[in-house]
*Asks:* 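My questions all concern the structure below.
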Amino acid sequence: MVTKWDPLVLKYQQRSRQELAAITTLRRLLSETEQNREKVMERQQQLRAQLSSQKHCDIADWRVLKAFLADLDTLRNQCEGRILEFREEIRIAVAAHARTDALVQKYEHLQSQSINKVRRHRERLETDALDEWAVQSHSRAILAQDLHNPR
């Protein structure tokens, strides 16, 4: 049964699905970024251990390792910045989805009320028709009885 609420229900259900897909994507990106940060941190630890274990190393090698460690620090900081951004985007997306989900529930409730109202109206018409038929049937039966049994 079609109601005036159907387009709104469909619109917000579609928006809800899109928001859920966006949240899923953001969570995947967050996870990947956290994994990348962990890899960078592991590599930093390996290089620091390598630096501390090499006592007799060429100064040029030390400079290269120090520069690489500085680059890894920058990369780790960028990962941490992205992680904070993803967490904030996820928080905002979840809040927006909660509002959309509330709208879906609101319009589904209004849709359900409209459908129930139409059903009750149809049932009332059906009941009234049955009552009218019963009254007319009873009246005809009494009339027929009066015609066959004059007093």
*Asks:* For a side-chain contact (heavy atoms from CB on, under 4.5 Å) check, start with the C-alpha distance between Leu110 and Gln113, then their side-chain angles and the critical distance, and finish with the verdict.
*Replies:* CA-CA 5 Å; Leu110 291 171; Gln113 280 184 330; 3.6 Å; yes
*Asks:* To the nearest 0.5 angstrom, please state how far the OG1 atom of Thr100 sits from the CD atom of Gln14.
*Replies:*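 Output value for this atom pair is 12.0 Å.
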*Asks:* Without hydrogens or angle criteria, can the side chains of Arg43 and Gln46 be said to hold a donor-acceptor pair below 3.5 Å?
*Replies:*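 Result is yes, a qualifying pair exists.
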*Asks:* Applying the 4.5 Å side-chain criterion to the ILVMFWY set and letting contacts propagate, would Leu20 and Val104 be lumped into a single cluster?
*Replies:*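 No, because Leu20 and Val104 fall into different hydrophobic clusters, even though each may have its own neighbours under 4.5 Å.
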*Asks:* I'd like to check the side chain to side chain donor-acceptor pair (under 3.5 Å) partners of Glu108; sequence neighbours left out, ordered by chain and number.
*Replies:*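 Testing Glu108 for side chain to side chain donor-acceptor pair (under 3.5 Å), a comparison that skips the adjacent residues, returns Gln13.
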*Asks:* Please name all residues satisfying ring-ring contact (aromatic ring centres under 6.0 Å, His included) with Tyr107, sequence neighbours left out, ordered by chain then number.
*Replies:*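 Residues passing ring-ring contact (aromatic ring centres under 6.0 Å, His included) with Tyr107: Trp5, Tyr12.
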*Asks:* Using 0.5 Å steps for rounding, measure from the SG atom of Cys79 to the CD atom of Glu32.
*Replies:*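 Interatomic distance, Cys79 SG to Glu32 CD, rounded to 0.5 Å: 11.5 Å.
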*Asks:* Starting from Phe86, can I reach Ile92 by hopping between I/L/V/M/F/W/Y residues whose side chains sit under 4.5 Å apart?
*Replies:*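 The answer is no; the residues belong to distinct hydrophobic clusters.
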*Asks:* At their closest point, which heavy atom of His97 faces which heavy atom of Ser16, and how far apart are they?
*Replies:*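 Heavy atoms only, the tightest pair is NE2-OG, 3.0 Å.
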*Asks:* Would you say the side chain of Arg27 lies within less than 4.5 Å of the side chain of Ile23, judging by non-hydrogen atoms?
*Replies:*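 A side-chain contact exists here, since the closest heavy-atom pair is under 4.5 Å.
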*Asks:* Please assess Arg63 against Lys66 for the test side-chain contact (heavy atoms from CB on, under 4.5 Å), listing each intermediate value before the final yes or no.
*Replies:* CA-CA 5 Å; Arg63 286 183 183 151; Lys66 286 283 194 181; 5.7 Å; no
*Asks:* So do the side chains of Ile115 and Gln111 get within less than 4.5 Å of each other, counting heavy atoms only?
*Replies:*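 With C-beta onward as the side chain, the pair touches.
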*Asks:* Distance check, rounded to the nearest 0.5 Å: Met41 atom CE versus Leu75 atom CG?
*Replies:*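 It is 12.0 Å, given to the nearest 0.5 Å.
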*Asks:* Could you check Arg91 against Glu88 for salt bridge (Lys or Arg N to Asp or Glu O under 4.0 Å), going step by step and ending with a plain yes or no?
*Replies:* CA-CA 5 Å; Arg91 186 192 65 74; Glu88 180 63 17; 2.5 Å; yes
*Asks:* Do Leu26 and Leu84 belong to the same hydrophobic cluster, where Ile, Leu, Val, Met, Phe, Trp and Tyr are linked whenever their side-chain heavy atoms lie under 4.5 Å apart, directly or via other members?
*Replies:*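 The answer is no; the residues belong to distinct hydrophobic clusters.
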*Asks:* State which residues pass side-chain contact (heavy atoms from CB on, under 4.5 Å) with Gln105; sequence neighbours excluded, sorted by chain then number.
*Replies:*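 By the side-chain contact (heavy atoms from CB on, under 4.5 Å) rule, Gln105 matches Asp101.
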*Asks:* Thinking salt bridges, do Arg82 and Glu85 make one under a 4.0 Å N-O criterion?
*Replies:*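 Looking at Glu85 together with Arg82, the answer is yes, because their closest N to O distance falls below 4.0 Å.
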*Asks:* Could you give the distance from CG (Leu125) to CG (Leu130), rounded to the nearest 0.5 Å?
*Replies:*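 These two atoms lie 11.0 Å from each other.
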*Asks:* Working to the nearest 0.5 angstrom, can you tell me the gap between Leu30 CG and Thr25 OG1?
*Replies:*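 That separation rounds to 12.5 Å.
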*Asks:* Salt-bridged, Glu34 to Arg37, with N to O below 4.0 Å?
*Replies:*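 Salt bridge between Glu34 and Arg37, a charged N being under 4.0 Å from a carboxylate O: no.
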*Asks:* Are more than 12 heavy atoms, taken from residues, nucleotides or ligands other than Glu126, located less than 6.0 Å from that residue's CD atom?
*Replies:*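 Not more than 12 within 6.0 Å, no.
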*Asks:* Applying side-chain contact (heavy atoms from CB on, under 4.5 Å), run through Gln44 and Leu47 and close with a yes or a no.
*Replies:* CA-CA 5 Å; Gln44 281 180 310; Leu47 287 175; 5.9 Å; no
*Asks:* Quick one: do the Thr3 and Asp6 side chains pair a donor with an acceptor below 3.5 Å?
*Replies:*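 The criterion, which ignores hydrogens and geometry beyond distance, is satisfied for Asp6 and Thr3.
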*Asks:* Inspect the surroundings of CZ in Arg76 and state if more than 12 heavy atoms from other residues, nucleotides or ligands are less than 6.0 Å away.
*Replies:*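 Counting other residues, nucleotides and ligands, CZ of Arg76 exceeds 12 neighbours.
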*Asks:* How many angstroms lie between atom CD of Glu132 and atom OG of Ser139, to the nearest 0.5 angstrom?
*Replies:*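 The CD atom of Glu132 sits 8.5 Å away from the OG atom of Ser139.
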